[in-house]
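Chain naming here is simple, since letters A, B, ... match the order of the sequence lines and numbering starts at 1 in each.
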Amino acid sequence: MIDTKFNPTEVEEKWYNHWEKKGYFKSEIDDREAYTIVIPPPNVTGVLHMGHMLNNTIQDVLIRKARMEGKNACWVPGTDHASIATEAKVVQMLREKGIKKSDLTRDEFLKYAWEWKEKYGGIILQQLRKLGASCDWDRTAFTMDETRSKAVIKSFVDLYHKGKLYRGNRMVNWDPVAQTVLSNEEVLYKEENSKLFHVRYKVSGEDSYITIATTRPETILGDTAIAVHPEDERYSSMKGKSVEVPLVGRVIPIIFDDYVDKSFGTGALKVTPAHDVNDYEIGMRHNLEIVDVFNADGTMSEAAQFFIGKDRFDVRKLIEKELENLGSLVKVEPYRNSVGRSERTNSVVEPRLSLQWYVSMEKLAKPALENVMNDNIQFFPKNQKNLYRHWLENVRDWCISRQLWWGHQIPAWYYNDEVFVAENKEEAFQLAFAKYPDVGLTMEHLTQDQDALDTWFSSWLWPISLFDGFNDSDEFKYYYPTAVLVTGWDIIYLWVARMIMAGYEWAQEKPFDKVYFTGMVRDSQGRKMSKQLGNSPDALGLIETYGADGVRYGMMSCSPAGGDLLFDEKLCENGRNFSNKIWNAMRLVTGWEADNNMVEYESDKLASQWINEKFNMAMKEVVKNFEEFRLSEAITNLYSFIWNDFCSWYLEMIKPNENKIHPNTLNTCVEVFENCLRALHPFMPFVTEEIWHQLRERKPNEDCMMQAYPHPKEVNESLVKSVENVKEIISKIREVRSKYNLKMREELDLYAVQSAVTSQLLDNAPLVELLKKMAYLKTYGTVGDTHSDGVVFILGKDKYFVMFEQEIDVEAEIESKQKELDYQKGFVKSVESKLGNEKFVNNAPPAVVENERKKLADGQERIRILEDEIDRLKKK
RNA sequence: GGGAGAUUAGCUCAGUUGGUUUAGAGCACCUGCCUUACAAGCAGGGGGUCACUGGUUCGAGUCCAGUAUUUCCCA
């Protein structure tokens, strides 16, 4: 006896191993069309979370469908080295062993880091297998493996020689604890309680003062101007004057700049070009001196003159007292402002001038913007184009150096202050030697840049470097550009835009045809899932509870493209229940026995035709939804078809009284069942594969995964319509049964008042047979309008009588018919008012007007029937 | 501060160039069923002034403007 419950854990590992052993995931160049997806590489340190599950399920659905469509499907997996995250983990691991990073050489540190990566890295790739991901694992790549590293170095050198990469002294986000640059994305801003200090500066040569407001009094030591708005009347007399900085006594100018907000504080702004991005820009505009008062670790530098070596936050308290003593402090008030902290160390990020490597974005941005705006690369959903355009039109140069060891060390060598960029030290030496042939230069004179490259500088090459595109390989020619990129919109700038730039820079071609942006997974309260909140369910735990198919169903059914999705475990439960439903349908069908001696019922033939038409209708929707990446709709189409049409209606239609069934009927049934499995396979690969094999004996290579994906055919609409009509009659009869507590199988008589529709039904023997079987009718016949017995229902404009022994509840019937009458009267009234409007009749398309007339006639007929019926009931 | 989106049933969402018998689905809820595939199930049911106000139109959930609420992005 087969279990009544589908057990996912038993079959998932079996089928995954089977597929992998058969080599179904592998792709090699051949003469078929390539369908390529590159995985958005997760951090090598990462573990599977909800975002990954969503993202990778979508990729797997797309790649499996393409494979079934006969394309050469290639899904390349891999991880990135996540320089900051990984380095932080390695440093922590070393600390636990009692080793300080500063005690190690770069090489020693990297040895530990690689060991750590080999041991703990790539867990996530193992976890993806549990989800059913059909990646070509032989192609697994890592951003620091040999091929990828060479690509990174080559691209750096190439950009440098093209003048698209430079070293510059700019304002950056500085993490004083990690002592590295951070990207904007690694800085988290939050409102915090702080204080607003009002400080007065003496105007030189006068007995007056200007008062400024600041949250960071410790930077006063680095002030090089006071700025006011040019149209601020309060300060119009200050033109050309200067003030003295408290404590240090530096004399600084009063300048006029539009940037200043007149309404903030006193309308006067202290300008510290070395420690604020906006101040820096003002400084550039007005040629101000730059005084850097901090060291790299956030302590005061020599340039500060006071508090040297003390921490910036201690100094904030100390300077408050000093200013008070000097009489410069006007007042201190509580204040809330947005403070940026490092994602990794939580230290307050310091805007800092520092010498870093930048990619010049202007030229790179141009083709990247163009080819998205003209839909050469299509975005789903489309509205992401706005976001993309906005960023690219305001793009800033990209800071790619990081003060870390884990990553690609920058291929730049210095001789004194001169820099030589080359793929290796030997080539750098050649360059240096060519320039300085006479100084006795040796390799020892060159020192390599100590910094590493931003991880995104590897990731932006991913679609190229995975196929060794920098060596113009055959693989690259075949697999590139890839079909679709599936990723979250949160990295549209960090990653998507830059991949497109890289594509046009080095391949002169887009990296992908389409980008499908997924939403962010949120919990049922709409909060972003995060470790801190602890609101993220354990991904593998979910798979254990609901099965991979159940989880995939849950992820897919709540994932309209682009929008955020509120994840609810309930959806996985639906998925599990769906698996179980199909499982039980299989149990039913495999329990039937083909018997040539059985009659092939007309109703069975009809049901077979009908279910095929319905399947085509469903597939039309599925195909359309796939084209538009509306995957949640596509899976809903299949769910609804399989559960409602196939299981609830069709299987009941052909269900034999005993287990014996005509071979033709059984055969059609199994074929439709197989089509359902093929259509559903990309979404729910395990349960479909298992049932595929249970349904029939299969040859060695006959697996569901490798079947052709179903194509919709033309639909015979009139056949569908007539069966749908019978289904409605059946539902109405069930309604009566429910109301009168009649047993489902108690046989009833049904009479219809003669009409075109009801007579046509009567003449169609297979339809009547179907109706009688499904509704458990003894007889179906037509009668005259004057018939007056049983319970009445109306369908379209036809009147039916359901006959049964039990006495009918006259009061309840009158009430329900009256309710229906009220509804119909309202309906007719609204149609009448439309048709009474001359402008409507004259202007609306004739078909629309005609339809309104039909609605009116039908409504009026229903009113007539209902009024008659109420009369008849009242006479009882 | 600038920009983009959202608002449809208790919840999550569909609703495609404005016209499909005065709005659909899933979940939740209510009623009745252990009907020999499935209680992770079957049959039936209730539930919505489509955020608000105005406009365009013969006709608006759908287009336009404003308001409210809200989410996100950028600074």
Side-chain angles (χ1 to χ4, degrees), chain A residues 2-6 184 189 261 263-264 277-278 338 381 383-384 386-387 389-391 394 489-490 492-493 519-520 522 524 526 528 546 550 557-560 562-568 570-571 573-592 624-625 628 630 632-633 636-637 639-640 643-644 647-648 651-652 655 657-659 730-746 776 796-797 823-824 826-831 833-845 847-849 851-852 854-859 862:
Chain A
I2 314 172
D3 201 337
T4 61
K5 303 270 182 285
F6 172 63
N184 289 337
Y189 290 90
D261 179 357
S263 61
F264 182 83
V277 177
N278 295 307
S338 171
N383 61 20
Q384 296 292 340
N386 291 334
L387 218 78
R389 183 179 61 203
H390 181 260
W391 188 73
N394 299 284
W489 51 257
D490 55 330
I492 189 169
Y493 312 137
M520 298 295 107
R522 293 169 185 280
S524 52
K528 210 165 178 169
Y546 301 105
S557 64
C558 67
S559 66
D564 281 356
L565 55 99
L566 305 185
F567 179 77
D568 192 340
K570 194 83 198 162
L571 292 163
E573 198 183 319
N574 294 160
R576 180 198 62 179
N577 294 353
F578 186 35
S579 294
N580 200 46
K581 184 73 187 177
I582 307 168
W583 175 256
N584 278 290
M586 180 276 291
R587 287 181 61 221
L588 176 68
V589 172
T590 52
W592 294 338
K624 202 173 116 200
N625 284 321
E628 293 163 20
R630 296 155 67 118
S632 63
E633 301 270 314
T636 304
N637 297 147
Y639 177 90
S640 165
W643 199 302
N644 300 320
C647 292
S648 295
L651 291 181
E652 294 298 331
K655 198 183 212 170
N657 281 331
E658 320 240 315
N659 278 345
I730 294 162
S731 292
K732 288 284 186 187
I733 295 167
R734 285 173 179 169
E735 201 180 317
V736 173
R737 283 183 192 274
S738 179
K739 218 191 275 177
Y740 285 92
N741 255 320
L742 302 175
K743 288 271 176 210
M744 204 43 111
R745 305 204 163 190
E746 181 183 334
Y776 295 95
K797 48 181 182 176
Y823 176 88
Q824 292 300 337
F827 170 68
V828 162
K829 208 174 147 194
S830 84
V831 180
S833 77
K834 243 186 190 178
L835 286 166
N837 184 341
E838 266 182 48
K839 286 181 183 169
F840 170 71
V841 179
N842 295 335
N843 293 328
V848 172
V849 178
N851 189 45
E852 290 301 314
K854 186 166 183 326
K855 277 158 73 174
L856 180 65
D858 289 359
R862 280 194 292 268

For Q824(A), answer base if it contacts any base atom (sugar-phosphate contacts may also be present), sugar-phosphate if it contacts only those atoms, and nothing otherwise; contact means non-hydrogen atoms under 4.0 Å.
nothing
Any base atoms under 4.0 Å from S731(A), or only sugar-phosphate, or nothing? Heavy atoms, all strands.
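Sugar-phosphate contact only.
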In whole Å, I'd like the distance from the [atom1] atom of [X] to the [atom2] atom of [N].
X       : N      : atom1 : atom2 : answer
R734(A) : C33(B) : CZ    : P     : 17 Å
E633(A) : C13(B) : CD    : C1'   : 9 Å
N386(A) : A4(B)  : CG    : C1'   : 7 Å
H390(A) : C74(B) : NE2   : P     : 10 Å
N577(A) : G26(B) : CG    : P     : 14 Å
K855(A) : U20(B) : NZ    : P     : 6 Å
N657(A) : U35(B) : CG    : P     : 17 Å

Tell me whether the side-chain N or O atoms of [X] pair up with the base of [N] as donor and acceptor below 3.5 Å, since no angle test is needed here.
X       : N      : result
D568(A) : U12(B) : no
K581(A) : C38(B) : yes
K570(A) : U12(B) : no

Would you please classify the geometry between the Y639(A) ring and the W643(A) ring as parallel, tilted or perpendicular, with 30° and 60° separating the classes?
tilted
Which word best sums up how the rings of W583(A) and F6(A) line up, parallel for under 30°, tilted for 30 to 60°, or perpendicular for over 60°?
tilted
According to a strict under-4.0 Å criterion, is [X] in side-chain N/O contact with OP1 or OP2 of [N]?
X       : N      : answer
W643(A) : C42(B) : yes
T636(A) : G26(B) : no
Y639(A) : G26(B) : no
R745(A) : U36(B) : no

Interatomic distance, N584(A) atom CG to D3(A) atom CG [nearest 0.5 angstrom]:
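These two atoms lie 9.0 Å from each other.
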